[in-house]
Amino acid sequence: MNDALPREFYDRDVVVVARELLGKQLVRAAREGIALGRIVEVEAYVAQGDPASHAYRGRTRRNAAMFGPPGRAYVYAIHSRYCLNAVTEPPDVPSAVLIRAIEPLAGVELMARRRGMSRPRDLARGPARLCEALAIDRGLDGWDLTRGERLWIAEDAEGTPAAGRIASATRVGVSSAADRLLRFYVADSAFVSKRPRVSAAPPGQ
DNA sequence: CTACCGATTGACT
DNA sequence: GTCAATCGGTAGA
């Protein structure tokens, strides 16, 4: 059950992988112990025609992992914090899934210590919070997530959420391609980082 | 080399 | 809701 997902899982269309990553376990094994949580929010960054992607302007030192094989981690820094992606699709097709939030399942005390706070809901709600809680930094950039060591993704006993529980929305913090619905999250999870603006939905929704 | 700017977060009105 | 800290990446002089 805690086996790492195989390379073939990641070697598919990035949107398909993004949706199927919901409900999976993100597992981090470090010297201090194991910490893991259920993925509840992701964003897809596509290889072609996506100006919001770090790979849009071609390969650089930072985004090199996105151009590598599927199933590797792409870890980048922003505002002095780190964010984790899972690389998808074949080499030289630079697509990736940003892991935006997890629901802590085990190693909660360890996560709390790393975060310097303990409210479970806020431990890993957000891409950089999640990395802090799991001690993920650029040292794990390019790490092979299929090895089942240090950092990997595994099936969870609850399985993939039913399609009706999965919502899509615009990606957070991107100014280009802002209209595309490439964020996916478990609609009824309290551990999702951001909700879409309230729309003019009729009462009772 | 300098200048600009985020795939963010936490503090504050 | 608004706002700025903060620093690595990137582009350009």
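It should be emphasised that the depicted structure is a prediction, and the values quoted were computed from it without experimental measurement. The figures here come from the full heavy-atom set of this structure, side chains too, leaving out hydrogens, waters and symmetry mates. In what follows, chains carry the letters A, B, and so on, assigned in the order in which the sequence lines appear, proteins first and then strands, with residues in each chain numbered from 1.
The side-chain contact (heavy atoms from CB on, under 4.5 Å) with Leu26(A) is formed by just one residue from the set Leu36(A), Leu21(A), Leu130(A); it is Leu130(A). Checked options Val192(A), Val42(A), Val40(A); the residue passing with Tyr185(A) is Val192(A) (criterion: side-chain contact (heavy atoms from CB on, under 4.5 Å)).
The hydrophobic clustering, which links ILVMFWY residues whose side-chain heavy atoms are closer than 4.5 Å, places Leu98(A) and Val27(A) apart.
Residue Thr60(A) places no side-chain N or O under 4.0 Å from the OP1 or OP2 atom of dG9(C). For the pair Arg100(A) and dA7(B), the criterion of a side-chain N or O lying under 4.0 Å from OP1 or OP2 is not met. Within the structure, every side-chain polar atom (N or O) of Arg81(A) is placed at least 4.0 Å from both OP1 and OP2 of dA5(C). Contact annotation: His54(A) side-chain N/O to dA7(B) OP1/OP2 distance is under 4.0 Å. At the phosphate of dG10(B), OP1 or OP2 sits under 4.0 Å from a side-chain N or O atom of Arg115(A).
Counting only heavy atoms from C-beta on, His79(A) has its side chain closest to dA5(C) among dA5(C), dA7(B), dT9(B).
Using a 4.0 Å heavy-atom criterion, one finds that Ala52(A) contacts the bases of the nucleic acid, with or without backbone contacts as well. Note on Arg171(A): nothing from the nucleic acid sits closer than 4.0 angstrom, heavy atoms only. Backbone-only engagement by Arg138(A) is indicated by non-hydrogen atom pairs under 4.0 Å involving sugar-phosphate atoms exclusively.
The line from OG of Ser95(A) to CG of Asn85(A) is 10.0 Å long, rounded to the nearest 0.5 Å.
In this pair, Tyr76(A) does not lay its aromatic ring on the base of dA7(B); centres under 5.5 Å and planes under 30 degrees do not both hold.
With salt bridges taken as basic N to acidic carboxylate O contacts below 4.0 Å, none links Glu32(A) and Arg113(A).
Looking only at side-chain heavy atoms (C-beta outward), Asp3(A) and Trp152(A) stay at 4.5 Å or farther from each other.
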Subject >> Dot-bracket line, read 5' to 3' along DNA chain B, where crossing pairs take [ ] and | marks a partner on another strand, Watson-Crick or G-U under 3.5 Å >> reply: ||||||.|||||.
